[in-house]
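Quick notes on the structure that follows.
We count ligands from 1, going down the list as the structure has it; atoms in each ligand are counted the same way. As the structure is a computational prediction, the values presented were derived from the model and not from experiment.
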Amino acid sequence: MDVVEVKELTKEYYLGKTLIHALQGIDLKIQEGEFLAIAGPSGSGKTTLLNLIGCIDLPTLGSIKIDNTDISDLSSDQLAELRAAKIGFIFQSFNLIPVLSAFENVEYPLLRRKIKKNERKERVMNALKNVGLETFAKHRPDELSGGQRQRVAIARALVSEPKIILADEPTANLDHQTGAAVLEVMRGINEEQGTIFIFSTHDPKVMSLANRIVQLMDGKIVP
Ligand SMILES: Nc1ncnc2c1ncn2[C@@H]1O[C@H](COP(=O)(O)OP(=O)(O)O)[C@@H](O)[C@H]1O
Ligand SMILES: [Mg+2]
């Protein structure tokens, strides 16, 4: 079944008076269990596409369906709910909160929900275990390496048990070996828990770990 269905997706931005065609008619279906790379040079539209699939930005034209729901039919509250329930994000620069421990960073997305403290703790420790960091729960981001920080970010994305995790150049700030290890962690979660990962990259070695590669160029999919 298609979990994500994107049709004729178009996104335009105005930069001053110049109209930028960031995406020019993208058609894409993403199914259960996929580990998908969005590849393409800088400026090709990778971030724009991920932000639209993640419902943190809206298209100029075209449609996005998540689990058969057309997101343009949803109110902003419903959209926020869908995002919180089904989508996790991982960013290039990790985006951890520096004054919080690894445990607290991972716990953060659960605080807005009515989940009891014991269950929260279990879920956070489970997520940290999934990324091999259960013994680093008390460490703050500045006491962790880059690869460990990105693994905390993966645990934070994972803790709400989303169906889809979107990762925008998750290895771009890591050295090669560390980046590959982080990708392996993502791949393991994909295989064991069936979480769909959609990640952008321009690193050929990272691309080679995907089970499908969608190549973007100037806002279009290269056939
Ligand atoms: N907020 C914005 N305002 C204006 N132009 C933007 C904005 N975001 C992206 N763009 C432009 O859209 C195009 C695609 O950008 P982006 O999706 O960031 O590509 P990538 O992630 O592949 O580098 C680029 O030309 C970029 O300059
Ligand atoms: Mg980008």
Side-chain angles (χ1 to χ4, degrees), residues 3-30 34-66 71-72 76 79-80 83 86-96 146-147 149-154 156-157 162 164-176 178-180 182-183 185-187 190 195-223:
V3 178
V4 179
E5 187 180 356
V6 163
K7 269 192 190 155
E8 294 174 34
L9 199 65
T10 301
K11 180 71 182 181
E12 294 167 347
Y13 294 109
Y14 270 101
L15 199 62
K17 284 182 181 170
T18 313
L19 184 61
I20 310 257
H21 302 280
L23 293 179
Q24 310 193 60
I26 301 284
D27 291 304
L28 180 62
K29 290 178 177 180
I30 301 167
E34 285 210 64
F35 196 69
L36 175 72
I38 309 284
S42 180
S44 59
K46 303 182 297 298
T47 297
T48 304
L49 180 58
L50 289 174
N51 288 348
L52 291 174
I53 294 173
C55 312
I56 52 180
D57 199 1
L58 291 170
T60 308
L61 281 173
S63 70
I64 301 168
K65 282 185 187 167
I66 310 276
I71 66 158
S72 65
S76 61
L79 202 56
R83 208 165 43 220
K86 299 199 174 173
I87 298 168
F89 291 93
I90 297 168
F91 303 94
Q92 178 177 333
S93 49
F94 323 134
N95 289 16
L96 300 176
R149 286 181 209 182
Q150 194 57 306
R151 284 191 278 150
V152 172
I154 295 171
R156 179 183 56 188
I164 307 162
I165 293 183
L166 301 166
D168 195 5
E169 306 212 24
T171 62
N173 282 355
L174 303 172
D175 66 67
H176 214 82
T178 311
V182 162
L183 249 285
V185 168
M186 287 167 44
R187 179 85 220 204
N190 165 260
T195 314
I196 296 170
F197 279 82
I198 309 170
F199 55 94
S200 66
T201 184
H202 42 229
D203 179 342
K205 284 223 174 105
V206 170
M207 272 173 234
S208 69
L209 292 167
N211 54 27
R212 179 157 69 113
I213 302 171
V214 168
Q215 186 84 38
L216 285 186
M217 182 65 81
D218 299 331
K220 293 181 192 145
I221 291 179
V222 180

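Protein residues lining ligand 1, listed by chain and number: Tyr13, Leu15, Ile20, Ala22, Pro41, Ser42, Gly43, Ser44, Gly45, Lys46, Thr47, Thr48 [non-hydrogen atoms, distance under 4.0 Å].
The backbone N or O of Leu216 sits nowhere less than 3.5 Å from a side-chain atom of Lys46 that would complete a donor-acceptor pair. Distance alone, capped at 3.5 Å, places no donor-acceptor pair between the Lys29 side chain and the Lys7 backbone. A side-chain donor-acceptor contact under 3.5 Å links Asp27 to the backbone of Glu8.
Around the CG atom of Asn95, the shell of radius 6.0 Å holds more than 12 heavy atoms that belong to other residues, nucleotides or ligands. Counted within 6.0 Å of CD on Glu12, heavy atoms from surrounding residues, nucleotides or ligands total more than 12; the atom is thus considered enclosed.
Around the Mg ion (ligand 2), the protein N, O or S atoms found under 2.8 Å comprise Thr47 OG1.
Listed by chain and residue number, Asp67 satisfy the side-chain hydrogen bond (donor to acceptor under 3.5 Å, both in side chains) test with Lys86 (two or more places apart in sequence, or in another chain).
Atom CG of Leu209 and atom CE of Met186 lie 9.5 Å apart (nearest 0.5 Å). Summarising the geometry, atom CZ belonging to Phe94 is positioned 11.5 Å from atom CZ belonging to Arg151; distances are rounded to the nearest 0.5 Å.
Residue pairs meeting the side-chain hydrogen bond (donor to acceptor under 3.5 Å, both in side chains) criterion with at least one member in residues 198-214, sequence neighbours excluded, are Glu34-Arg212, Asp168-Ser200.
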